[in-house]
Amino acid sequence: MSKYITTPIYYVNGEAHIGHAYTTFIADTMARYEKLKGNKTYFLTGTDEHGQKIEESAQKHGKPTQEFADEISASFKNLWDEFEIGYDKFIRTTDADHKLGVQKAFEVMYAKGDIYKDFYEGHYCVSCETFFPETQLVDGEFCPDCGRTTSIVKEESYFFKLSKYEDALLKHYEENPDFILPRSRANEVINFVKGGLRDLSVTRTSFTWGVKLPESMNDDKHVMYVWLDALMNYITALGYGTDEANMDFWPASTQFVGKDILRFHAIYWPAFLMSLDLPLPQHIGAHGWWTRDGEKMSKSKGNVVSPKEVSDLYGVENLRYFMLREVPFGQDGDFSQRAFIDRINSELSNDLGNLLNRIIGMSGKYSDFEIDSIDVEKYHTKELDAMNEALGNLDGFMQNMQTHRYLEELWKLFAIGNKAIEEHAPWVKMKEGKKDEALATVALVANILAKASIMLSPVMPKTTATIADALNFTIDNTSYNELVIDKKLLKLFNIKKVPPLFPRIEEPLMEESPEAMPDDKPNDNMKEDLITDKEAKKEEDNLIEIGQFFETSLKVGVVIEAEEVPKSKKLLKLQVDIGEGTNRQVVAGIKEFYSAESLINTQVCVVANLKPAKLMGMMSEGMLLAAKDEDGLCLVRPEKPKKAGTPIG
Ligand code: MSP
């Protein structure tokens, strides 16, 4: 069976961040998983380089557009190469054969009568490269997707008859309930289509940085709409319209996208494919968004997590593991250094790393590193059954992209191994002269580690290759079939010593996120800042128990010292008396609103039980309550003076 897996192609207007890394990791994991199972697999990623937005970004940087696109595209490719992402092709929409393929698709759709010429007048958002009807604008002016100002654009345009495909799309969703995954995301798409589809403007005359129309159209005023151009990458990468070399990989098995671009992939894309008489992908997998320490990431807040920085400090495979384990596919995820370190220390270092070390140690001591599975079945049927049950559950989780459940289930194996060692205490058995029993437990755990490593290899390819090396086997489709599918045990083999795989992390290695203050300046990443009505509604629904509120310790504090943080536009460093002789250092983002001296001897409300965090290298041991709106920020203070330390609540 052949499998074709894709990531979205990334805009070349900024460096890769952790959200991009997540899509790439999950797609890479899925591709590696399919390869492991012996499926013929093609994995595509790349960059999306046309459109007004890129043209404007290049101008801002004072560079010719192509040169700018070349640089950023290379930065993505280099990062994926450094991360050893196993893509089969890295496509660029500025590639000559991609452009030919898009032109071919345009011709086919035109010949079919699905494209016609007319005029378009509408509100256009340059950032999203999308027209919006007036009814969808926020306050009659702003883009409903990213919140930026739209402008009225009137231009001659070619239109794609999207409306023609309304019924066919609805039928497809109904007949293929797993077309959109997770299924919970399907409704928003279905409702959108049911609301009526308008024909889609698929060319532009207002700028030139795009794919030209095919020569046969004899109309060089127009360039293609960037989403038409971009979506076609999934087939042009296989040779559509040129050599067709890999078109037998089509239709894609899974196309991963972020939830913000689901509509393009679940509505426009299948409609284009229907027009081209091509089959539709099996699944569109829409994942959620990543935040940092509970805050939306944005350049202006300076809190964007750089995957390169994290991987330099903690290792890329630890990051892969964390991201795939932390969040249920489809839901939003939060990157916090604390949670990341906790998972490395407890799951990777303790559960997995220690188990391997113990097995290396025991096999060395008891049998000169030689392991034989001969007695495993005799002493450990219970453990083998539990192990096989967990192994048998894994495929279902991966097919549904539930990587967190997959890893959770896989970790049951390590729990079985650790428990077997505790229960059977091979060192006691050795003392009692029951060497075969002791060695059976060691061999059981070696087998558990071997099988688990095979199944963990799509997530952590290099680490698991080292484990396999220590256990003297190779992870590939043959060992997968023998050890996982046929449930065989390892034959007589020698264990090799390897250095500890997951040294414990004692101290955070990365600068903590700058204090997240609401920031209403428009910025390059407004998409990420926007709080939609839906999210506000979610907040309303997200009621907490009174007990949860009281988990926060709020206290009256008195500022006894205050000074500016050098080189910071926002931060003040305060010493706050919170009663009973306790002072707390609080680094607060209030410099734009208060001078340091005006705060001395004033009262504030302090969150007193926050985990300390480092801001610009300084410890902050609390947070001040403040209110902020368009007129600025003000601190929340007791109405009448209260003693330092008075509880609030
Ligand atoms: N170029 C288009 C995709 C065209 S595909 C034919 C695009 N590019 S993007 O660079 O803006 O985004 C690429 C992917 O990154 C999207 O799937 C988007 O959802 C994802 N992410 C961007 N920010 C994200 C987070 N903070 N968290 C998770 N993913 C996010 O859209």
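Sequential numbering from 1 along the given sequence is applied to the chain's residues.
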- Item | Worked check of side chain to side chain contact (heavy atoms under 4.5 Å, CB included) between Phe340 and Met510 | CA-CA 11 Å; Phe340 181 36; Met510 208 167 82; over 6 Å; no
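- Without hydrogens or angle criteria, Thr93 side chain to Glu49 main chain gives a donor-acceptor distance under 3.5 Å.
- Residues satisfying the salt bridge (Lys or Arg N to Asp or Glu O under 4.0 Å) test with Glu155, not counting sequence neighbours, are none.
- Val189 and Ala266 make their closest contact through CG1-CB, 3.9 Å (heavy atoms, listed as atom of the first residue, atom of the second, distance).
- Heavy atoms only, all atoms of each residue included: Pro307 and Phe83 are closest at O-CZ, 3.6 Å.
- Remark: side-chain polar atoms of Thr646 are not paired, donor with acceptor, to backbone N or O of Lys642 under 3.5 angstrom.
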- Task: Check step by step if side chain to side chain contact (heavy atoms under 4.5 Å, CB included) holds for Thr47 and Ile9.
- Result: CA-CA 4 Å; Thr47 43; Ile9 45 173; 5.5 Å; no
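- Between Asp70 and Arg92 there is a salt bridge, since at least one side-chain N of the basic residue sits less than 4.0 Å from a carboxylate O of the acidic one.
- Under the 4.5 Å side-chain criterion, counting only non-hydrogen atoms from C-beta, Arg185 is in contact with Leu262.
- Taken to the nearest 0.5 Å, the CG atom of Leu572 stands 13.0 Å off from the CD atom of Glu561.
- Ionic pairing of Asp28 and Arg320 is present here: one or more N-O contacts between side-chain nitrogen and carboxylate oxygen are shorter than 4.0 angstrom.
- Between Arg263 and Glu188, none of the side-chain N atoms (NZ, or NE/NH1/NH2) sits under 4.0 Å from a carboxylate O, so this pair counts as no salt bridge.
- The residues Glu592 and Lys570 are annotated as not salt-bridged, no charged nitrogen and carboxylate oxygen being separated by less than 4.0 angstrom.
- Ion pair Glu506/Arg504 flagged as a salt bridge, since at least one NZ, NE, NH1 or NH2 atom sits closer than 4.0 Å to an Asp/Glu carboxylate oxygen.
- Side-chain contact between Leu610 and Glu621: absent, with no pair of heavy atoms (C-beta onward) separated by less than 4.5 Å.
- Note: His287 and Tyr22 meet the aromatic proximity criterion, with ring centroids under 6.0 Å apart.
- At a cut-off of 3.5 Å, with distance as the only test, no side-chain donor of Glu15 or His17 sits close to an acceptor on the other residue.
- Around CD of Glu580, the count of heavy atoms belonging to other residues, nucleotides or ligands within 6.0 Å does not exceed 12.
- Note: Tyr234 and His265 have tilted aromatic rings, judged against thresholds of 30 and 60 degrees for the angle between ring planes.
- Side chains of Ser620 and Gln585 form no contact here, defined as non-hydrogen atoms less than 4.5 Å apart.
- Side-chain polar atoms of Thr463 and Tyr321 form no donor-acceptor pair below 3.5 angstrom.
- In summary, Arg338 and Asp293 do not engage in a salt bridge, as defined by a charged side-chain N under 4.0 Å from a carboxylate O.
- Side-chain contact between Phe256 and Phe329 is present, with heavy atoms from C-beta onward closer than 4.5 Å.
- Aromatic pair Tyr124/Phe131: ring centres closer than 6.0 Å.
- Note: Tyr10 and His20 meet the aromatic proximity criterion, with ring centroids under 6.0 Å apart.
- Taking CG of Asn13 as the start and CD1 of Ile54 as the end, the distance is 4.5 Å to the nearest 0.5 Å.
- The nearest pair of heavy atoms linking Val565 to Lys591 is O-NZ, 3.4 Å.
- Note on Glu564 versus Lys573: no salt bridge recorded, every NZ/NE/NH1/NH2 to OD/OE distance being 4.0 Å or above.
- Annotation for Pro182 and Ala286: closest pair CD-O, 3.4 Å, computed over non-hydrogen atoms.
- Contact annotation: the side chain of Pro8 approaches that of Ile261 to within less than 4.5 Å [non-hydrogen atoms, C-beta and beyond].
- Checked by atom type, the side-chain pair Ser336/Arg292 shows no donor-acceptor distance below 3.5 Å.
- Using cut-offs of 30° and 60° on the angle between ring planes, the pair Phe264 and Trp227 is parallel.
- Arg584 places no side-chain N or O within donor-acceptor distance of the main-chain N or O of Gly622, the cut-off being under 3.5 Å.
- For the residue pair Asp334 and Thr291, a side-chain donor N or O sits within less than 3.5 Å of a side-chain acceptor on the partner.
- Classification of Arg343 and Glu347 as a salt-bridged pair holds, one side-chain N sitting under 4.0 Å from a carboxylate O.
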